[in-house]
Participant: 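Structure provided below as structure tokens; questions to follow.
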Amino acid sequence: MSKRSITSTSVGIGVATGAYGLSFGAISVASGLDFWQTQTLSLAMFTGASQFALVGVLGAGGGVFAAVITALLLGARNGLYAMSLSSLLGLRRGPSLVAAQLTIDESTAMAIRHGDDQRAARHAFWATGLSVFILWNIGTAIGALGATALDDPAVLGLDAAIPAGFIALLWPRLTDRSTRLLALLAAGIALVLVPLVPAGLPVLGAAAVALGADWFLRRRTGFAT
């Protein structure tokens, strides 16, 4: 695939992600953050799922600790992405620090897609990462400014968009019986904990149970083989 074609695809991904950034900006303001706090999240954190999780927990009345831990758990996958990309991209220390900020789902997928050609993989990574970063932040700004202009952003019911978005992200991954059962178990634990613990902790509890169950199942499968 030519560089022009890769760039075109990367910009298309950036545009689609930027549109999603509009909703994040609006939801963040509706959850109680101001414009600058919202924009800082998109500039510094720059990982959509973690950002939505952070503002979702804070908007529900959860503490900062629960919000940050939830965001870190969701963002941990980016560290795994970086490990898999290090040999593929072969970047020196300076560029690798910038690349770390741009290591997200979209840039990783585009780089791996062109993994048989290191030059193409590098171009796909940088073109996608920069495109998403720029357009995500523009989308965040527009969404936050629009919500800030309203007397009460909460009237839009944007809080419902956070769980809906996570369901949309999760649903395609429920491809077999074990993952579906694991998801149901985690959801059940979260529902039980909602009336018992502060906001944000049900998510952490569900995540802990899901990780423990997954470890047990993998270990059991390993012994079985």
Side-chain angles (χ1 to χ4, degrees), residues 1-31 33-56 58-59 71 74-79 81-82 84-85 88-89 91 95-115 119-150 153 156 158-170 172:
M1 184 179 289
S2 67
K3 282 190 175 182
R4 178 178 293 183
S5 179
I6 292 174
T7 301
S8 177
T9 301
S10 299
V11 171
I13 293 172
V15 170
T17 309
Y20 198 34
L22 287 168
S23 63
F24 169 73
I27 289 169
S28 181
V29 170
S31 297
L33 277 69
D34 62 27
F35 171 81
W36 295 110
Q37 291 170 328
T38 297
Q39 198 63 48
T40 298
L41 279 177
S42 282
L43 287 167
M45 183 180 285
F46 186 52
T47 172
S50 294
Q51 291 178 228
F52 275 108
L54 183 75
V55 301
L58 292 176
L74 286 170
R77 70 190 189 284
N78 291 348
Y81 293 162
S84 65
L85 289 175
L88 174 60
L89 300 180
L91 299 174
S96 67
L97 294 176
V98 179
Q101 179 68 358
L102 301 179
T103 302
I104 54 175
D105 296 337
E106 295 84 357
S107 59
T108 300
M110 282 290 286
I112 292 175
R113 179 182 176 185
H114 301 281
R119 282 190 175 184
R122 283 182 179 176
H123 181 73
F125 174 84
W126 287 110
T128 305
L130 288 170
S131 176
V132 172
F133 182 81
I134 292 169
L135 293 170
W136 172 264
N137 277 280
I138 291 174
T140 296
I142 295 172
L145 286 172
T148 302
L150 298 174
L156 297 177
L158 291 171
D159 53 335
I162 297 176
F166 276 109
I167 290 174
L169 289 171
L170 177 65

Participant: For Ala121 and Ala111, which heavy atoms make the closest approach, and how far apart are they?
Facilitator: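 Taking every non-hydrogen atom into account, CB-O, 3.5 Å.
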
Participant: Working to the nearest 0.5 Å, report the span between CG of Leu58 and CD of Gln37.
Facilitator: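 Answer for the CG-CD pair, Leu58 versus Gln37, is 9.0 Å.
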
Participant: Would you check if the side chain of Gln39 reaches a backbone N or O of Asn137 as a donor-acceptor pair within less than 3.5 Å?
Facilitator: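 Checking the backbone N and O of Asn137 against the side chain of Gln39, a donor-acceptor pair under 3.5 Å is found.
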
Participant: Work out which heavy atom in Gly14 is nearest to a heavy atom in Ser131; give both atom names and the distance.
Facilitator: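 Closest heavy-atom pair between Gly14 and Ser131: CA-OG, 3.4 Å.
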
Participant: Anything under 30° is parallel, anything over 60° is perpendicular, the rest tilted; go ahead and classify Phe133 against Phe46.
Facilitator: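 Correct class here is perpendicular.
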
Participant: To check you understand the geometry: which heavy-atom pair defines the closest contact between Lys3 and His123, and what is its length?
Facilitator: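 Looking at all heavy atoms of both residues, the shortest contact is O-NE2, 3.4 Å.
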
Participant: Does the side-chain contact (heavy atoms from CB on, under 4.5 Å) test come out yes or no for Trp126 and Leu91, once each step is laid out?
Facilitator: CA-CA 12 Å; Trp126 287 110; Leu91 299 174; 3.9 Å; yes

Participant: For residues Leu41 and Phe24, determine if any side-chain heavy atom of one lies less than 4.5 Å from a side-chain heavy atom of the other.
Facilitator: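 Yes. Closest side-chain heavy atoms under 4.5 Å.
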
Participant: Taking Ser28 for its side chain and Thr38 for its backbone only, find out whether a donor-acceptor pair lies under 3.5 Å.
Facilitator: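 No, because the side chain of Ser28 does not come within donor-acceptor range (under 3.5 Å) of the backbone of Thr38.
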
Participant: Under the 3.5 angstrom rule, does the side chain of Gln101 hit a backbone N or O of Leu43 as a donor-acceptor pair?
Facilitator: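 Confirmed, Gln101 side chain pairs with Leu43 backbone.
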
Participant: Report yes if the side chains of Thr103 and Phe125 come closer than 4.5 Å at any heavy-atom pair, otherwise no.
Facilitator: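 Of all side-chain heavy-atom pairs linking Phe125 with Thr103, at least one is under 4.5 Å.
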
Participant: Hey, is the main chain of Thr140 close enough, under 3.5 Å, to the side chain of Ser42 for a donor-acceptor pair?
Facilitator: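 Checked: no pair found.
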
Participant: What pair of heavy atoms forms the shortest contact from Arg122 to Leu89, and how long is it?
Facilitator: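 Shortest heavy-atom contact: NE-O, 2.5 Å.
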
Participant: Looking only at heavy atoms, which two atoms of Leu135 and Val15 are closest? And how far apart?
Facilitator: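 It is CD1-N, 3.5 Å.
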
Participant: Return yes if some donor-acceptor pair links the side-chain N/O of Ser8 with the main-chain N/O of Arg4 below 3.5 Å, else return no.
Facilitator: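 Not confirmed, Ser8 side chain does not pair with Arg4 backbone.
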
Participant: For the pair Ile27 and Ser31, evaluate side-chain contact (heavy atoms from CB on, under 4.5 Å) and give the outcome as yes or no after the intermediate values.
Facilitator: CA-CA 6 Å; Ile27 289 169; Ser31 297; 4.0 Å; yes

Participant: Walk me through whether Leu85 and Ile112 qualify under side-chain contact (heavy atoms from CB on, under 4.5 Å).
Facilitator: CA-CA 8 Å; Leu85 289 175; Ile112 292 175; 4.3 Å; yes

Participant: So, taking the atom named CE in Met110 and the one named OG1 in Thr9, what distance separates them when rounded to the nearest 0.5 Å?
Facilitator: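 The OG1 atom of Thr9 is 5.0 Å from CE of Met110, to the nearest 0.5 Å.
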
Participant: If you take all heavy atoms of Leu102 and Ser107, which pair is closest and at what distance?
Facilitator: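 Looking at all heavy atoms of both residues, the closest pair is O-OG, 2.6 Å.
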
Participant: Are any of the side-chain heavy atoms of Gln51 and Trp136 separated by less than 4.5 Å?
Facilitator: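 Sidechains of Trp136 and Gln51: in contact.
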
Participant: Between the main-chain N or O of Tyr20 and the side-chain N or O of Ser23, is there a donor-acceptor pair closer than 3.5 Å?
Facilitator: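 Here the side-chain-to-backbone pair exists.
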
Participant: Can you list the steps and then say if Leu145 with Phe35 is a side-chain contact (heavy atoms from CB on, under 4.5 Å)?
Facilitator: CA-CA 7 Å; Leu145 286 172; Phe35 171 81; 3.6 Å; yes

Participant: With rounding to the nearest 0.5 angstrom, report the OG1 to CG distance, Thr108 to Leu88.
Facilitator: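 Atom-to-atom, Thr108:OG1 and Leu88:CG are 10.0 Å apart.
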
Participant: For the atom pair CD1 (Ile13) and CD1 (Ile104), what is the distance rounded to the nearest 0.5 Å?
Facilitator: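 With rounding to 0.5 Å, CD1 (Ile13) is 9.0 Å from CD1 (Ile104).
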
